[in-house]
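Working notes, beginning with the structure itself.
Any value given below was found using the heavy atoms of this structure, including those in side chains, with hydrogens, waters and symmetry copies removed.
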Amino acid sequence: MKLLSPAGNQESLRVAVYNGADEVYLGINQFNARNNVDCFELADLEDAVVFSHAHGVKVLLAINVLFDDSEINKAINVIVSAYNLGVDAFIVQDVGLAKIISDNYPEIELHASTQMAVHNLEGVLELEKLNFKRVVLARETPLSEVKRIKENSKIEIEYFVHGALCVSFSGNCYLSSKLFSASGNKGKCKQLCRLPYTLYKSTQKLKRGYLLSAKDFCLIDRLKDLEEAGVDVLKIEGRARRPYYVGAVTREYRKALDNEKYELNNLKLAFNRDYTEGYFNGNGNIISTFNNHVGLPVGKVVKVVNGKKFNQVSFSSNQKISQKSAIKIFNNGEEANTVSLYDLRKDGNTYTFTTTQDVKLNGTVNLIVDSDAENSLVNYQRKAPIDIEISLVPNENIFAKVSYGDKFQNVYGEILQPSVNRPIINEELTKNFAKNELFSAKLSISNSLNTFMTKQSLNAFRREVFLTAKNLIKSAFLKKVDPIFVKPKKATKVFTDFEYVYNEHAPLNSKRIVYSPETYELSCLKKILKRAKELDKTVYLDTPNFALKKDVEFLDDLIKKTGVAVVVNNLYALSFNTEKVIGPALNVYNSFTANFYGLPFMTAESDLGKKAEVPYMTLRHCPLKNHLNASCEKCPYSNDFYYKTDDGKTFKLSRKKLIDCTFYLN
């Protein structure tokens, strides 16, 4: 299995490569799902690609947002420009963009973003029709479905193993979009899930806390299972994280892949909100008590001396803690203080610091930044090997042959003079050629006796040799394809004159009825179909945006027994043999996507078609299990549960039940 690490900036790229990534993924400002952080610019890509390729690491560019018709040509230009610079593959969400690239540039490798929400075999088979080489499966995909996909498709499987876990189903979170016109599908998510919420049942307050804040994903103990299931690439989340996080997590997963001993505590120190295996074995326990980094428990507050301005705090710990580290102090499980330890003093197993904060006795001390460990990791360097053969012959030009793979280039310097007093010796050449940040020169030196050149000339020759090495690597991956210009065609098949109904007894007022029941039952479906036929109206069954094998089989059986048309809210539903309408959860955002499907369509955010009702969030975990310790056997669900923010906004909790339940915030 390959290890794919995030690179939010140049320093993160560097530590990812140094610490064992096989591939890195990065983003261009305004064209990726992390537009809330400073990313790369197109002008930065050349150096990033050369650096990575010098170390044998592939570069993937995330173009994983949706584009409207006015933006699509800019996206094409970015992909073509990046491909020409040597980027190895592109992570894409927009179906229309993928179709354009697939048709016009079959040589460009496409990976289906997790934002496409593909989570079952049927969806993967649809991706294969678009010539995707790899799918980044939704985090909600369980191991059993991974095996099914691998056994029945040819596509590479990329699977998230570590990092932040979105509480909402990827690509189908509209909370930021609806409340602040900041679409997650445009890279502008405001992470409103990390705020505190209160869960109510009718007027009864049940629980308050970070009720939508997911724990962090950690599958380092499950790599063997993933390998046996057929996963090709392990993905670490974290382009918005600090370089230390990227390097530390990459290093530990590299150790695990190489069957070396790894340290879970190093992962926890890098960043965690508690860990979960997510949906690895099904519907998971994923909700954290916290919304931010909690670090690693290291001790307990044993003494507090309050002063007029500063308070002196002592805590006991068996762990070595360095100056300039940072801690968090928790009282009764709740975060109380965050302190940087600039004046730390140690006496035995007791550490003392001063702070203006009010610290309570007996609080739990967690280390969140280890200054020494961080400095050691971010300053670690691993140079890329490069083969250089140097020939030194009196009265001839100094000569170097630079080799990279099966390519080579010759470099000539000044004419060497016969040595009178101080000939160039091998050790001097070796020491001189060690002066390069990128390369570790593997020198082969011949005819080095009785020649001389000045130190200034030798330095100039060395710089020319390494510049040649860099250009040799760059040229090995350079391409030359021309960008095309595509003209939007009007999307004519807009689905109109429809209404959603949620039970078989609801009034049927519109020409087209989207039947979106809480529970999918054959008898209820037959009733509404009969009523609609009597009124000369058409019913479309609203398919859930998440469905595993048994759910797909169940839906297929309903369709075969009734002939009902369907609203397609995920790629898997394109496989049903019936009349179809493209639903809002497929995120049709431009005419190219609309015309690719060639079906009547609705939209969730775009004005290209008629906007349909979409939930704020799709929740694959069970909130009642996570918050109320409920069980399926004694399910307490009713339609009067809701979440409420501190500023008074409310979100109704609803569900859809096939074989399993999926919950929604409306």
For residues 292-307, please give each side-chain donor-acceptor pair under 3.5 Å, one per line with the distance, not counting sequence neighbours.
from : atom 1 : to   : atom 2 : distance (Å)
H293 : ND1    : N272 : N      : 3.1
H293 : ND1    : G295 : N      : 3.3
H293 : NE2    : L269 : O      : 3.2
H293 : NE2    : I368 : O      : 3.2

Candidate pair T352 and D347, rule side chain to side chain contact (heavy atoms under 4.5 Å, CB included), full reasoning:
CA-CA 8 Å; T352 301; D347 183 8; over 6 Å; no
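- In this structure, the side chain of N120 engages the main chain of A547 through a donor-acceptor pair within 3.5 Å.
- Interatomic distance, CZ of F310 versus OG1 of T356, reported as 7.0 Å (0.5 Å rounding).
- With sequence neighbours left out, the ring pair (Phe, Tyr, Trp, His ring centres under 6.0 Å) criterion links Y279 to no other residue.
- The side-chain contact (heavy atoms from CB on, under 4.5 Å) with F315 is formed by just one residue from the set I321, T350, T364; it is I321.
- Between the N366 side chain and the F330 main chain, no donor and acceptor come within less than 3.5 Å of each other.
- In this structure, a donor-acceptor pair under 3.5 Å is absent between the side chains of S325 and S371.
- Among residue pairs with one or both ends in residues 265-290, those qualifying as salt bridge (charged side-chain N to carboxylate O under 4.0 Å, His left out) are D216-R273, R222-E277; sequence neighbours excluded.
- For the 3.5 Å distance criterion, the side chains of Y664 and N172 fail to qualify, holding no donor opposite an acceptor.
- A side-chain N or O of N185 and one of Q93 form a donor-acceptor pair less than 3.5 Å apart.
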Show your working on side chain to side chain contact (heavy atoms under 4.5 Å, CB included) between L61 and L26 and close with a plain yes or no.
CA-CA 5 Å; L61 187 63; L26 44 87; 3.4 Å; yes
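- Every ring pair (Phe, Tyr, Trp, His ring centres under 6.0 Å) that Y275 has, sequence neighbours left out, goes to H162.
- With sequence neighbours excluded, no residue forms a ring pair (Phe, Tyr, Trp, His ring centres under 6.0 Å) with F353.
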Begin with the C-alpha distance, continue with both residues' side-chain angles, and end with the deciding distance and a verdict on side chain to side chain contact (heavy atoms under 4.5 Å, CB included) for M1 and D22.
CA-CA 9 Å; M1 292 186 292; D22 296 302; over 6 Å; no
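- At a threshold of 4.0 Å, the pair R242-E374 counts as salt-bridged, since one of the basic side-chain nitrogens sits closer than that to a carboxylate oxygen.
- Every residue two or more places apart in sequence or in another chain was checked for a ring pair (Phe, Tyr, Trp, His ring centres under 6.0 Å) with Y262, and none qualifies.
- At least one donor-acceptor pair closer than 3.5 Å links the side chain of S322 to the backbone N or O of D372.
- Put simply, the side chain of K346 gets close to the backbone of G348: a donor and an acceptor are under 3.5 Å apart.
- Side-chain contact annotation: D542 with N569, donor-acceptor N/O pair under 3.5 Å present.
- Here the two rings, on H111 and Y25, have centers that are 6.0 Å apart or farther.
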Using side chain to side chain contact (heavy atoms under 4.5 Å, CB included), reason through F217 and I286 one step at a time and then give a plain yes or no.
CA-CA 9 Å; F217 221 18; I286 70 161; over 6 Å; no
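- In this structure, the side chains of N587 and Y174 come closer than 4.5 Å at one or more pairs of heavy atoms.
- Here the rule is side-chain contact (heavy atoms from CB on, under 4.5 Å) with E23, and of L3, L234, V233 only V233 fits it.
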Please evaluate residues E252 and N266 with respect to the criterion side chain to side chain donor-acceptor pair (under 3.5 Å), reporting the C-alpha separation (whole Å), side-chain torsions for both, the decisive distance (0.1 Å), and the verdict.
CA-CA 8 Å; E252 296 307 317; N266 288 342; 3.1 Å; yes
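- Residue Y342 places its OH atom among 12 or fewer non-hydrogen atoms of other residues, nucleotides or ligands, all under 6.0 Å distant.
- A donor-acceptor pair is defined here as one N or O able to donate and one able to accept, closer than 3.5 Å; no such pair exists between the side chain of K2 and the backbone of D232.
- The stretch residues 195-208 participates, sequence neighbours left out, in these salt bridge (charged side-chain N to carboxylate O under 4.0 Å, His left out) pairs: K201-D640, R208-D646.
- Atom NZ of K147 is separated from atom CG of L226 by 10.0 Å, given to the nearest 0.5 angstrom.
- For the atom pair N666 CG and T650 OG1, the distance stands at 11.0 Å (nearest 0.5 Å).
- Remark: the backbone N or O of L66 is not paired with any side-chain donor or acceptor of D94 at under 3.5 angstrom.
- Between the side chain of T141 and the main chain of A138, a donor-acceptor pair closer than 3.5 Å is present.
- Looking at heavy atoms from C-beta onward, F160 lies out of side-chain contact with L165 at the 4.5 angstrom threshold.
- N19 and R251 share a side-chain donor-acceptor pair at under 3.5 Å.
- Partners of N337 under the side-chain hydrogen bond (donor to acceptor under 3.5 Å, both in side chains) rule, at least two apart in sequence or in another chain, are Q357.
- The closest donor-acceptor contact from the side chain of Y200 to the backbone of L206 lies at 3.5 Å or more, if one exists at all.
- With hydrogens and angles disregarded, a donor-acceptor distance shorter than 3.5 Å links the side chain of T276 to the backbone of G278.
- Screening residues 654-664 for salt bridge (charged side-chain N to carboxylate O under 4.0 Å, His left out) gives E518-R655 as the qualifying pairs, with residues at least two apart or on separate chains.
- Judged as a salt bridge (charged side-chain N to carboxylate O under 4.0 Å, His left out), and not counting sequence neighbours, the contacts of R14 are E11.
- In the displayed structure, K550 atom NZ is contacted under 6.0 Å by at most 12 heavy atoms of other residues, nucleotides or ligands.
- For K261, the side-chain contact (heavy atoms from CB on, under 4.5 Å) partners two or more places apart in sequence, or in a different chain, are E263.
- Sequence neighbours left out, the pairs with a member in residues 315-334 that pass salt bridge (charged side-chain N to carboxylate O under 4.0 Å, His left out) are K328-E335.
- Proximity of a side-chain donor or acceptor of R134 to a complementary backbone N or O of S113 within less than 3.5 Å is not detected.
- At a threshold of 4.5 Å between non-hydrogen side-chain atoms, the residues I220 and V161 do not count as touching.
- Atom-to-atom distance recorded for M617:CE and S176:OG is 7.5 Å, nearest 0.5 angstrom.
- Taking the six-membered ring for Trp and the full ring otherwise, F651 and Y616 have centroids separated by under 6.0 Å.
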